[in-house]
2 protein chains.
Amino acid sequence: MNLQDVAKKAHVSIATVSRVLNNVGPVKKSTRARVLKVVSELHYHPNLHARSLAGGKSRTLGVIFSNLENPFFLDIFRSIESDAHERGYEVLVANTDYRPQQLVSSIHLMMGRRVAGLAVIVSEMEPHLINELTEANLRVVFYDVGTPSRNISNIRVNYPRGVQKTVEYLYSLGHRRIGFVGHHTGLDPLSDRQRSFIEAMKRCPQHVEYATAADRDGPEGGQQATRQLLQTGLRPTAIVAVNDFMAIGVLKELRENNLRVPADVSVTGYDNIRLSEFAVPPLTTVNIPRAEIGHLAFRALTPEEDGAQLEGREFRINPELVIRESTASPPGSA
Amino acid sequence: MNLQDVAKKAHVSIATVSRVLNNVGPVKKSTRARVLKVVSELHYHPNLHARSLAGGKSRTLGVIFSNLENPFFLDIFRSIESDAHERGYEVLVANTDYRPQQLVSSIHLMMGRRVAGLAVIVSEMEPHLINELTEANLRVVFYDVGTPSRNISNIRVNYPRGVQKTVEYLYSLGHRRIGFVGHHTGLDPLSDRQRSFIEAMKRCPQHVEYATAADRDGPEGGQQATRQLLQTGLRPTAIVAVNDFMAIGVLKELRENNLRVPADVSVTGYDNIRLSEFAVPPLTTVNIPRAEIGHLAFRALTPEEDGAQLEGREFRINPELVIRESTASPPGSA
DNA sequence: TTGAAAGCGATACCAC
DNA sequence: GTGGTATCGCTTTCAA
């Protein structure tokens with residue numbers, strides 16, 4: 001079914017039907033009513049492909065995430081989506097599962113769909129992709145990677161700073177043997193995170209020991225990585241998880257080893273996802289304001305109302321330590 | 001940038017470029033190579049709107065969920081998506097937040113995008129929408145609502161059966177005062193769930209008492225609803241949550257009231273999301289196989305390989321009780 | 001206030 | 001093997 005069918009049944013031209021549907025140009029009230037009646041009788045829904053093709057412009061944004069299962073990403077998505085809907089945009093999501101190849105095809109898919117802007121909130125970003133997007137004629141916003149330019153904006157969270165705060169806090173509590181639980185350490189941004197931890201440890205005034213382990217993102221991975229960590233011989237009095245989602249698994253593995261948190265082992269997460277308050281015990285973590293990130297991403301992708309053609313910008317997010325009940329002084333400390 | 005640009009630069013016609021890009025028809029090897037070279041030099045990506053418009057058919061499926069934040073839905077999504085990608089389909093997601101109006105626009109959006117099939121996995125389904133979709137010329141699969149017909153398939157989980165098993169189990173442990181925690185009881189399918197609970201309670205051989213409370217879906221809502229429940233005066237020895245996601249909040253509220261689970265109060269969930277094993281204590285729940293649901297949905301939306309034009313079918317899912325550590329006999333029982 | 005017609009960027013059929 | 005062109009369903013001038 002198409003405009004033609006509606007036009008015929010309403011005894012008008014397709015141009016008129018189009019005007020009615022888009023609320024543009026002058027249309028006599030009675031004509032308008034007649035057309036709308038036919039439209040609803042026929043259950044007509046305009047072909048959006050034809051519409052974007054003819055219209056040229058697009059009110060659609062694309063967003064690509066590494067792992068929608070992790071509430072961190074989902075929160076950002078919801079924030080972008082809600083801004084978008086409010087302003088009459090649609091949003092297309094894609095999930096890469098941390099696979100670089102999947103990221104490539106998602107990006108190309110979004111370009112094929114001629115999105116008006118693209119947010120790339122992933123950890124598997126590779127330099128050549130950044131270049132390709134920079135050269136493309138498309139508004140893009142990256143998360144924690146790349147540098148601003150004509151069409152590129154950036155949102156930076158300064159992950160190392162948050163880790164530094166965490167490690168300092170644990171150190172101040174008296175912890176000297178700390179483990180790190182990460183995931184996908186083969187991917188640059190994620191091995192950077194592990195490195196941030198190591199550097200923070202090395203910066204400690206007195207002698208400290210550490211070990212790291214990694215498995216896939218999520219509670220299961222966190223549990224598995226913790227299992228490895230407990231077998232290293234380090235006997236950590238604290239474990240720093242790369243994010244809250246994995247920390248949930250850390251807590252479980254400790255519990256199953258009859259290690260109390262925080263009496264025997266302290267645990268920290270990162271992100272401050274809402275689930276972190278429902279963990280047992282509630283997690284000490286680093287707050288990353290997902291809603292704000294979503295708003296920034298939307299702003300970055302969207303022309304300012306007042307026509308000011310926003311150049312690529314850089315937005316900085318400041319990670320804040322949130323102390324809850326999963327951390328305490330190590331056993332046997334004063 | 002379009003086919004024309006590529007064609008010009010490669011000194012061929014747009015028809016040839018199209019052939020190369022789609023791997024159809026005969027093309028001389030050298031021409032093919034030349035075209036591909038230009039395509040990559042120009043970073044050309046075909047306009048998918050034009051493609052679907054010209055091609056007619058679509059390799060895109062739509063999926064609509066009530067709440068992607070609830071891992072139950074996300075698991076189904078991932079399962080559908082993975083099948084889809086494997087078979088060369090794309091999938092478009094939409095999230096309704098349990099808002100009927102949002103569902104309407106999502107459905108229309110999907111129709112406008114001319115998806116090849118639409119999975120509607122929501123709780124806010126209204127009869128007139130079912131009709132509209134039934135009349136539409138579109139493969140649809142519903143979750144736990146509607147009846148099969150020409151183009152409509154259904155996946156049914158028999159929620160009441162699972163609740164019945166749960167209540168029977170709690171009853172057999174000795175529980176006589178049980179609370180129910182739900183959400184969005186204004187929506188038919190969800191008030192049905194609450195009703196299932198009540199009916200299961202009424203079926204108990206001896207006298208039992210119950211109360212219900214509701215808040216929004218999720219841990220926060222679960223916590224809030226539990227707070228209400230604890231104020232009703234029914235001092236429940238067990239709480240049945242409408243799903244695992246809410247049960248996580250139930251556990252938290254009980255903990256904050258110094259009620260031990262399961263020593264003082266037993267708790268059950270529903271769905272068996274992976275997080276339910278990470279709850280403290282791990283949740284007794286009802287297993288709903290999300291992956292299988294995803295596979296079934298994909299099958300229902302997709303023409304069989306062998307051309308057998310699958311009529312609308314009904315798939316039944318059997319809910320199974322999974323007993324873990326959040327349930328026990330009530331305090332003071334033999 | 002309305003209609004006719006020129007694109008938008010592909011696909012696919014038909015010639016050559 | 002390759003090119004020309006009708007066509008998909010819509011938006012958007014331009015005339016009437």
Rounded to the nearest Å, what distance is computed from the [atom1] atom of residue [X] to the [atom2] atom of nucleotide [N]?
X	N	atom1	atom2	answer
B/R114	C/dT11	CZ	C1'	18 Å
B/R32	D/dT2	CZ	P	12 Å
A/L21	D/dC10	CG	P	9 Å
A/H49	C/dT11	NE2	P	13 Å
B/L3	C/dA12	CG	P	12 Å
A/H45	D/dG9	NE2	C1'	16 Å
B/R51	D/dT7	CZ	C1'	17 Å
B/R113	D/dC8	CZ	P	23 Å

When you get a sec, tell me which of [options] is the closest nucleotide to the side chain of [X]?
X	options	answer
A/N47	C/dA4, D/dT11, D/dG9	D/dG9
A/A54	D/dC10, C/dG9, C/dA5	D/dC10
A/A15	C/dA5, D/dT2, C/dT2	C/dA5

- Hey, mind stepping through B/E292 and B/R290 against salt bridge (Lys or Arg N to Asp or Glu O under 4.0 Å) and telling me if it holds? CA-CA 5 Å; B/E292 186 183 345; B/R290 286 93 53 202; over 6 Å; no

- Message: Closest-nucleotide mapping onto DNA chain D: is B/L53 or B/K28 further toward the 5' terminus? I mean the 5' end.
- Response: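 The residue mapped nearer the 5' terminus is B/K28.
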
- Message: Pick the closest DNA chain D nucleotide for B/K29 and for A/P46 by heavy atoms, then say which residue is nearer the 5' end.
- Response: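 Between the two, 5'-proximity favours B/K29.
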
- Message: Checking the side chain of B/D97 only, and the main-chain atoms of B/R99 only, is there a donor and an acceptor separated by less than 3.5 Å?
- Response: no

- Query: Can you tell me if A/S58 uses its side chain to pair, donor with acceptor, with the backbone of A/R114 under 3.5 Å?
  - Reply: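 Looks like yes, one N/O pair under 3.5 Å.
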
Is there a side-chain contact between [X] and the phosphate of [N], meaning an N or O under 4.0 Å from OP1 or OP2?
X	N	answer
A/N2	D/dG9	yes
A/S13	C/dA4	no
B/S18	C/dT11	yes
B/Y44	C/dA10	yes
B/K57	C/dA12	yes
A/N22	D/dT11	yes

- Message: Could you check whether the side chain of A/R19 and the base of C/dG3 have a donor-acceptor pair of N or O atoms closer than 3.5 Å, going by distance alone?
- Response: yes

Quick one: label [X] by what it contacts on the DNA or RNA (base, sugar-phosphate, nothing), any heavy atom closer than 4.0 Å.
X	value
B/P26	base
B/T31	sugar-phosphate
B/V24	nothing

- Hey, can you tell me if A/H45 and B/H108 have their rings parallel, tilted or perpendicular (30° and 60° cut-offs)? tilted

- Item | Beyond-backbone contact of A/Y98 with A/S123, side-chain heavy atoms, under 4.5 angstrom |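 Yes - at least one pair of side-chain heavy atoms lies under 4.5 Å apart.
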
- Message: As a quick check of understanding, evaluate side-chain hydrogen bond (donor to acceptor under 3.5 Å, both in side chains) for B/H184 and B/D217, giving each step before the final call.
- Response: CA-CA 8 Å; B/H184 292 93; B/D217 191 17; over 6 Å; no

- A/I14 or A/V27, whichever maps to the more 5' nucleotide of DNA chain C: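 Nearer the 5' end of the strand: A/V27.
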
